[in-house]
Amino acid sequence: MDFEVTYTEEQQRFRREVRAWLEANVAPSMLRTPTSAEDNYRRYLELRDLGRKLGAKGWLYPTAPAKYGGGGLDVDHAIILEEEVDRFDLSLPPYYDSGGRLGSASILVWGTEEQRQAFLPPIYRGEVRTWQLLTEPGAGSDLAGVRMTTAVRDGDGYVIRGQKIFVGSDNGTDRIWMIVNTDPKGKRHENLSWFMIDASLPGITMQPMELMGTGGEGGTDSGVKQTVFFDDVRVPAFALVGGENKGWTVATTHLELEHGGGGRIGRNRVWDRLLRYCQETKRDGVPLSQQQDVRDSLADIYIKTEVQRLFGLRNFYLTYARKPKSYEGPQLSYYRKTTGLWMTGAILEAVGPAALTTDPAWGAPSGFLETQQRNGIVSVHPGGTTDIQRVQMARRIGIGRSTREKAGTVHGAE
Amino acid sequence: MDFEVTYTEEQQRFRREVRAWLEANVAPSMLRTPTSAEDNYRRYLELRDLGRKLGAKGWLYPTAPAKYGGGGLDVDHAIILEEEVDRFDLSLPPYYDSGGRLGSASILVWGTEEQRQAFLPPIYRGEVRTWQLLTEPGAGSDLAGVRMTTAVRDGDGYVIRGQKIFVGSDNGTDRIWMIVNTDPKGKRHENLSWFMIDASLPGITMQPMELMGTGGEGGTDSGVKQTVFFDDVRVPAFALVGGENKGWTVATTHLELEHGGGGRIGRNRVWDRLLRYCQETKRDGVPLSQQQDVRDSLADIYIKTEVQRLFGLRNFYLTYARKPKSYEGPQLSYYRKTTGLWMTGAILEAVGPAALTTDPAWGAPSGFLETQQRNGIVSVHPGGTTDIQRVQMARRIGIGRSTREKAGTVHGAE
Amino acid sequence: MDLSLTESQEMLRTTARSFMQRETPVDVVVGLQKAESSLERDLWAKAARLGWLGIVLPAEYGGSGDSLSDAAVLYEELGRGPLPGPFFSSGVLGALTVLEAGTDEQRRRILPGVATGETVLTVAITEPNTSWGPGGITLAPQGRNGSFVLNGTKLFVSDATSATDLIVAVRTGDGPTDVSLLHVDAKARGVSTRRLPGFLSWQCEVSFDNVQVPATSLLGEAQRGWAALSRALERAIPILCAYIVGGCQAVYEKSVLYTQTRVQFGVPIGRFQRVQDHVVRLVNHLDSARWATWEALWKLDTGRPATASVHMAKAVASEAYLDVCNAAHEVHAGMGVLIEYGLPAHTQMSRTLFHYLGDPRWHKRRMADALEW
Amino acid sequence: MDLSLTESQEMLRTTARSFMQRETPVDVVVGLQKAESSLERDLWAKAARLGWLGIVLPAEYGGSGDSLSDAAVLYEELGRGPLPGPFFSSGVLGALTVLEAGTDEQRRRILPGVATGETVLTVAITEPNTSWGPGGITLAPQGRNGSFVLNGTKLFVSDATSATDLIVAVRTGDGPTDVSLLHVDAKARGVSTRRLPGFLSWQCEVSFDNVQVPATSLLGEAQRGWAALSRALERAIPILCAYIVGGCQAVYEKSVLYTQTRVQFGVPIGRFQRVQDHVVRLVNHLDSARWATWEALWKLDTGRPATASVHMAKAVASEAYLDVCNAAHEVHAGMGVLIEYGLPAHTQMSRTLFHYLGDPRWHKRRMADALEW
């Protein structure tokens with residue numbers, strides 16, 4: 001076995017190139033905690049700009065096929081990129097782009113050649129941001145139960161109406177990747193379809209939801225998600241991906257990736273900052289990290305983050321070495337979610353109420369522990385609750401149902 | 001609220017009477033760890049003898065109606081008896097008598113007057129020992145699925161055939177309290193019946209099962225349960241309790257009591273001995289109880305045993321004050337079982353491998369910790385697994401089913 | 001043995017519950033969350049008229065002379081909100097501290113105003129070291145012209161932004177428990193209070209910048225402050241636990257209702273064993289907290305040694321509320337994190353009270369000490 | 001990056017698994033449980049012929065010179081039984097200790113016999129204080145006529161009743177790590193061994209009553225014993241972890257099969273979410289232990305600093321096996337406690353190995369030290 005990528009001289013050169021480029025193009029201010037709504041928006045625009053620059057180099061979606069505007073890089077180069085971006089506390093993309101990540105992967109597998117050519121380049125180049133729209137008031141864990149948002153064929157297009165909730169973050173989106181019901185009387189799993197549409201179409205309105213936290217992807221802890229309303233929104237037929245009423249098949253790819261099937265390499269950022277905080281914060285003259293109770297808590301937390309890293313590494317390896325997977329995707333997701341929730345208690349016990357405040361004097365730097373206290377809870381739900389992850393695991397292990405369920409396809413045309 | 005029984009002068013006199021009687025009649029040798037199978041049998045006979053003496057005074061089943069040979073005592077006197085017996089590390093009855101405890105309670109509720117008069121006095125007086133026979137190879141958690149052991153009407157009696165497992169302990173029994181299928185083609189919950197029969201009837205044979213532990217009631221950690229075979233055993237129709245195919249109704253009483261509905265007062269014996277052991281055992285010159293890690297474990301263990309005591313007290317109060325109950329019975333059972341299993345790990349961590357050995361030099365006195373290590377695991381299953389207890393809790397809380405399920409009746413004719 | 005409430009306790013419960021339903025439905029509780037001060041004038045005045053602010057005080061000091069168990073019945077109802085405001089800080093911990101520490105003159109001067117609600121107390125104990133033991137108290141006043149001068153910070157002080165009077169624990173000697181209590185006007189020059197921002201409820205910073213405190217503000221005798229405070233805490237903590245039990249109960253009821261009404265996969269989600277198991281975990285915590293709390297209250301009200309029970313109750317209740325909220329979030333998934341739904345108010349309160357007056361580890365260790373292992 | 005086994009490792013796994021299936025089915029493993037000695041002559045001889053007893057030894061000492069990862073593949077298969085016997089005690093920990101501590105002469109004298117199986121080693125470290133640190137070693141030999149005289153007890157020594165040779169850690173100075181290793185003939189006058197009875201697997205008491213040990217029996221140099229033992233432990237522990245992973249894997253497979261075939265309430269019990277959740281918990285532990293173990297092995301085999309990883313692997317694996325067995329018992333209910341079913345052999349082994357070579361708390365603290373927090 002080999003738990004590390006062995007880099008060639010050429011790859012090390014690439015690393016140096018990436019690092020130099022990032023140092024030149026990532027301003028430290030991009031990582032600031034916004035001081036106001038306007039500042040938040042300005043910061044967002046800076047990150048989008050960075051995304052476009054990364055996209056132009058093929059580094060925004062490094063392993064995506066070059067012919068559609070992706071980087072076309074092999075996995076080793078992609079790892080180098082992820083590692084280097086990680087050094088700046090950023091992810092790829094450096095802003096919330098859920099529909100871009102998951103929609104593009106789905107389109108790669110299930111879209112027509114024309115759709116790939118039309119939809120993928122703007123995503124891969126960072127020209128558009130895309131949000132995914134799945135949940136409805138009546139369909140959360142039960143995604144197959146989507147019913148409130150419908151698309152009805154009308155001439156050369158479709159008319160969408162309905163409502164989606166828990167969408168995106170703040171500062172709006174360019175594109176929408178959504179699942180709707182296209183046959184209200186149809187059988188379960190045979191009545192859904194996916195659309196990739198413009199967010200600016202007439203009839204689409206958004207209204208922010210105020211939440212305890214967002215638990216979102218790297219950096220976007222705006223505390224806001226949107227309710228999106230569709231009032232007879234006309235979309236072209238071309239926007240339908242994977243075929244009418246074939247949406248559940250497409251969803252298997254989408255969900256496999258969302259459920260952790262793709263794996264992940266890289267360290268746990270909360271851990272790094274937590275350790276540093278405990279080393280730098282003294283109580284009664286002694287660093288927290290030198291107090292036995294705190295040390296014991298830190299050891300438990302560290303081990304869980306390490307196991308999570310190892311699960312992510314394994315899934316990453318299985319994905320890119322194209323090895324068969326079964327329960328590993330939802331296992332990573334389940335482990336990550338339950339660990340995050342458990343960590344809220346472990347950190348609170350270790351650090352005390354300082355973990356709860358964003359106060360610059362008495363809380364942890366940039367309130368990162370307070371964010372963890374919220375997001376450790378909130379993250380348990382998006383992309384499938386812990387309960388749903390266990391449903392998936394059990395099916396793939398081959399218990400609970402008469403036939404063993406397979407992992408969704410995550411490799412597309414290349 | 002009042003968490004204690006307030007005793008009258010008369011009751012305190014009763015306590016002194018009980019204590020004096022027990023001191024005169026309980027030989028310390030009864031509590032010995034048997035040195036051989038023969039010694040184990042001798043000890044059993046001594047305990048049976050003690051049971052008969054208790055029975056003659058009405059103290060074996062103190063709250064059972066006097067007219068059937070029980071003590072006819074009120075709850076305060078019963079508590080005094082239990083507390084005093086507890087001081088001798090004994091329970092009432094002082095030997096494994098599951099069928100006596102649960103069978104008599106069921107007969108009190110569901111038996112005819114003739115059956116009460118016939119079956120109850122020998123139990124209450126300690127003249128007979130009774131085992132309960134419920135589990136079959138194909139029906140464990142699913143008690144309603146009993147099918148292998150059948151009783152077929154034949155003239156003035158029934159003929160029983162089949163097989164029961166996980167029965168009793170060692171040294172045999174006098175009576176058998178069992179559930180059988182009396183209508184193999186009948187509907188679920190409408191095809192079972194209970195019988196109270198002589199264990200000496202022709203056609204009944206027993207074969208010991210070797211187990212990791214028994215997890216049994218007070219004192220009988222023989223490590224043995226029986227498989228009982230019934231080869232065309234003829235029993236009188238009078239042995240049928242509660243009516244043919246009415247067994248599921250009778251079972252609700254039986255199970256409510258078995259699942260903790262009756263409540264319990266009294267301390268946790270493992271806890272008392274564990275604390276004493278940790279105070280008396282030094283490592284590197286320091287008592288275990290003075291070492292911070294051990295102290296922390298002890299605090300966690302103590303709290304769980306206290307909560308268990310409080311749940312038991314609450315159920316005891318609800319039962320004897322005849323207040324309505326819902327999930328409290330299975331909650332106590334669930335808590336007791338999960339706590340016992342959790343304690344195996346907590347004790348192992350606190351005490352180290354000394355918890356695992358019965359060695360007189362290096363283990364805990366009489367190997368009581370080793371017994372806990374086994375029985376904490378084994379006790380999770382008898383009388384309904386932790387999973388089944390949660391099924392019951394959920395139904396009674398009113399979730400999971402359209403109608404809320406009620407607790408079984410535990411009060412009989414008096 | 002009798003594990004039911006008395007008739008008068010049942011009445012108090014009914015009164016309090018209908019008051020809460022009328023005056024503080026979920027939207028009111030949620031609306032209060034962002035206020036700098038937790039005290040809502042109108043509510044406060046009504047509570048005073050109901051006699052709630054002096055519930056633990058003897059009649060001679062303007063209170064109703066109820067038992068701690070009676071007070072606990074009330075606080076269980078307040079906890080259901082969870083109703084913010086310095087009810088506990090002033091009416092229980094503050095009141096009991098003055099009762100235990102003050103001279104009779106001081107009690108007569110301070111306590112009637114507490115009962116009427118004019119005086120709002122809070123007790124400032126912890127400092128940046130966040131320790132709840134006497135060793136954690138390092139704020140030492142300097143003496144000047146027979147009065148005290150305070151310079152320093154008290155941290156995580158509950159409801160300080162709504163307090164009129166602060167009881168401040170200060171170090172006045174080198175012995176481990178050489179602590180005194182000062183009664184400080186919250187509006188005195190040099191005193192500033194602010195609510196700490198974040199995922200916590202009205203835990204405040206109190207800063208003292210050359211604050212002059214007259215000698216007469218010393219509650220009772222010097223160096224006896226810790227002993228008095230310990231007695232007050234022992235009686236106050238179970239009432240805080242009752243507040244927590246009320247919170248757990250409300251979250252339990254919310255969760256059961258949700259499992260019964262939320263339909264996914266064509267059935268109410270309560271049909272799924274995993275969802276049931278979250279509720280089972282929740283109710284086990286709830287009942288653990290409830291009975292540990294009530295046994296401690298019973299011991300205190302009947303004059304039994306209660307120290308170990310009180311420590312156990314706080315440890316159990318703190319852990320319970322935290323995990324009850326976790327379980328409820330698992331039941332509710334996305335719906336539970338909507339601020340307007342009301343669950344986040346409990347979640348935030350559960351995190352706050354996890355540490356307030358001592359976290360579980362602290363109380364478990366004090367429990368072990370009290371049991372003389 | 002490559003997280004798969006090499007071809008030769010796959011072959012070793014196949015060989016070992018078919019050997020185990022043929023030679024040590026469940027009834028054989030269960031049958032061995034009560035024996036005073038864990039060593040079954042016939043099995044031992046066959047294992048020796050397969051080269052398993054010298055798998056970690058260089059060729060010059062009669063071994064096969066395999067990597068630790070190779071050895072781990074073998075031990076994962078042995079752990080599936082769980083196959084008892086001093087395979088690990090002699091062939092891994094004993095062999096590595098002699099390799100690390102001994103002079104070249106001593107290695108040449110002792111190790112070839114280990115590889116052939118004639119010599120059966122065990123390393124006696126812990127004493128009644130049950131500590132795995134150097135401070136726990138208090139057994140101090142007296143010098144007499146240039147030889148050592150031993151009086152005292154070593155406790156929880158694995159497989160001592162089947163050992164021909166003991167490596168005994170003794171205290172020979174007052175410094176914290178002033179420990180030396182003695183090579184003692186298990187049949188020497190005054191040495192007695194007995195298996196401790198109870199819910200544990202071949203953990204033995206070794207008593208020394210005026211045992212004369214010649215000076216030449218000192219392995220390597222005096223006072224250097226702890227350093228050598230630490231190096232040996234660092235390499236041996238991940239192989240023990242692999243044995244544990246094999247145990248977890250076997251219990252997992254048993255449990256999955258049972259959920260698929262056991263019918264209750266008319267359906268296989270795997271349909272019930274609660275049963276599934278026991279399996280989920282189980283497989284999460286299994287995979288945690290597996291990957292933590294394999295990363296530590298990889299670090300050792302590639303010469304990377306591995307100390308923290310080794311400590312983590314043992315902590316994770318110890319906790320995993322314990323709770324994997326708990327989860328399996330919940331899946332199996334009554335059936336799981338039948339001795340003949342084979343699960344209790346794992347349960348007992350999981351309890352034994354929880355502490356053996358250091359319990360999770362011990363290793364977590366050493367991990368924190370190694371990470372220099």
Side-chain angles (χ1 to χ4, degrees), chain B residues 135 137-145 165-166 188 209-215 223 225 282-285 293 297 337-338 341-342 344-345 348-363 367 369-374 376-378 380-382 384-388 390-391, chain D residues 30 126-132 135-136 138 153 155-156 194-201 203 205 262-267 269 272-275 277-278 318-319 322-323 325-326 329-341 343-345 347-348 351-352 354-356 359-362:
Chain B
T135 302
S141 288
D142 181 16
L143 181 61
I165 56 175
F166 291 106
R188 197 172 157 83
M209 306 168 82
E210 202 187 357
L211 305 180
M212 200 173 78
T214 48
K225 291 258 171 203
K282 291 186 181 183
R283 295 246 171 92
D284 295 325
D293 292 337
S297 295
K337 286 164 178 280
T338 52
L341 180 57
W342 169 86
T344 64
L348 184 58
E349 187 159 27
V351 170
L356 295 171
T357 180
T358 53
D359 190 75
W362 307 116
L369 287 179
E370 195 261 6
T371 302
Q372 196 281 332
Q373 292 293 308
R374 295 172 184 269
I377 301 166
V378 177
V380 168
H381 320 118
T385 64
T386 55
D387 291 1
I388 293 296
R390 286 185 287 179
V391 168
Chain D
V30 169
T126 39
E127 302 184 5
N129 61 44
T130 73
S131 161
W132 288 98
T138 64
T153 303
L155 214 58
F156 301 109
R194 67 187 178 93
R195 181 183 177 186
L196 293 170
F199 196 47
L200 78 180
S201 310
Q203 299 273 293
E205 178 199 72
R262 170 74 172 175
V263 172
Q264 289 283 273
F265 304 100
V267 293
I269 60 171
F272 297 106
Q273 293 191 332
R274 290 195 176 94
V275 175
D277 286 354
H278 300 311
S318 289
E319 287 181 352
L322 187 97
D323 203 44
C325 291
N326 288 350
H329 279 291
E330 300 225 43
V331 168
H332 286 86
M335 198 58 61
V337 303
L338 282 169
I339 297 292
E340 67 191 37
Y341 181 72
L343 179 57
T347 311
Q348 184 160 323
R351 270 60 187 165
T352 307
F354 185 80
H355 177 266
Y356 179 57
D359 72 1
R361 180 182 284 145
W362 166 264

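As a basis for the values below, the full set of heavy atoms in this structure was taken, side chains included, without hydrogen atoms, waters or symmetry mates. Naming: A, B, ... by sequence-line order, numbering from 1 per chain.
Atom CD1 of I269(D) and atom OG1 of T385(B) lie 9.0 Å apart (nearest 0.5 Å). With rounding to the nearest 0.5 Å, the separation of CG in L143(B) from CD in Q264(D) is 9.5 Å. One finds the CG atom of D323(D) at 7.5 Å from the CG atom of L341(B) (value rounded to the nearest 0.5 Å). To the nearest 0.5 Å, atom CD of residue Q372(B) and atom CZ of residue F199(D) are 10.5 Å apart. Atom CG of L155(D) is separated from atom CH2 of W362(B) by 5.5 Å, given to the nearest 0.5 angstrom. Rounding to the nearest 0.5 angstrom, the gap separating the CG atom in D284(B) from the CD atom in E127(D) is 9.5 Å.
Here the side chains of V391(B) and R274(D) are in contact, with some heavy-atom distance below 4.5 Å.
Heavy atoms only, all atoms of each residue included: G140(B) and R262(D) are closest at N-NH2, 3.6 Å. For the pair L356(B) and L200(D), the tightest heavy-atom approach, listed with the atom from each and the gap, is O-CD2, 3.8 Å. The heavy-atom pair separating G345(B) from L322(D) by the smallest distance is CA-CD2, 4.3 Å. For F166(B) against M335(D), the heavy-atom pair with the smallest separation is CZ-N, 4.0 Å. Shortest non-hydrogen contact noted between G352(B) and H355(D) is CA-CD2, 4.5 Å. When all heavy atoms are compared, the tightest approach of H329(D) to H381(B) is O-NE2, 3.0 Å.
With a threshold of 4.5 angstrom between heavy atoms, F265(D) approaches chain B through its backbone and through its side chain. Only the side chain of T153(D) comes within less than 4.5 Å of a heavy atom of chain B; its backbone N, CA, C and O stay farther away. Neither the backbone nor the side chain of S131(D) has a heavy atom closer than 4.5 Å to any heavy atom of chain B. At a 4.5 Å heavy-atom cutoff, the contact between S141(B) and chain D is made by backbone and side-chain atoms alike. Only the side chain of E205(D) comes within less than 4.5 Å of a heavy atom in chain B; its backbone stays farther off. In this structure, the portion of T344(B) lying under 4.5 Å from any heavy atom of chain D is its side chain and not its backbone. Contact of H278(D) with chain B is made through the side chain alone, with heavy-atom distances under 4.5 Å. Of the atoms belonging to D359(D), it is side-chain heavy atoms, and not backbone ones, that fall under 4.5 Å from chain B. Contact annotation for V275(D): both backbone and side-chain heavy atoms come within less than 4.5 Å of a heavy atom of chain B. For chain D, the nearby part of R188(B) is the side chain; its heavy atoms alone come within less than 4.5 Å.
In this structure, the side chain of E330(D) does not engage the main chain of T386(B) through any donor-acceptor pair within 3.5 Å.
If you run side chain to side chain contact (heavy atoms under 4.5 Å, CB included) between R351(D) and each of R374(B), Q373(B), E370(B), only Q373(B) comes through.
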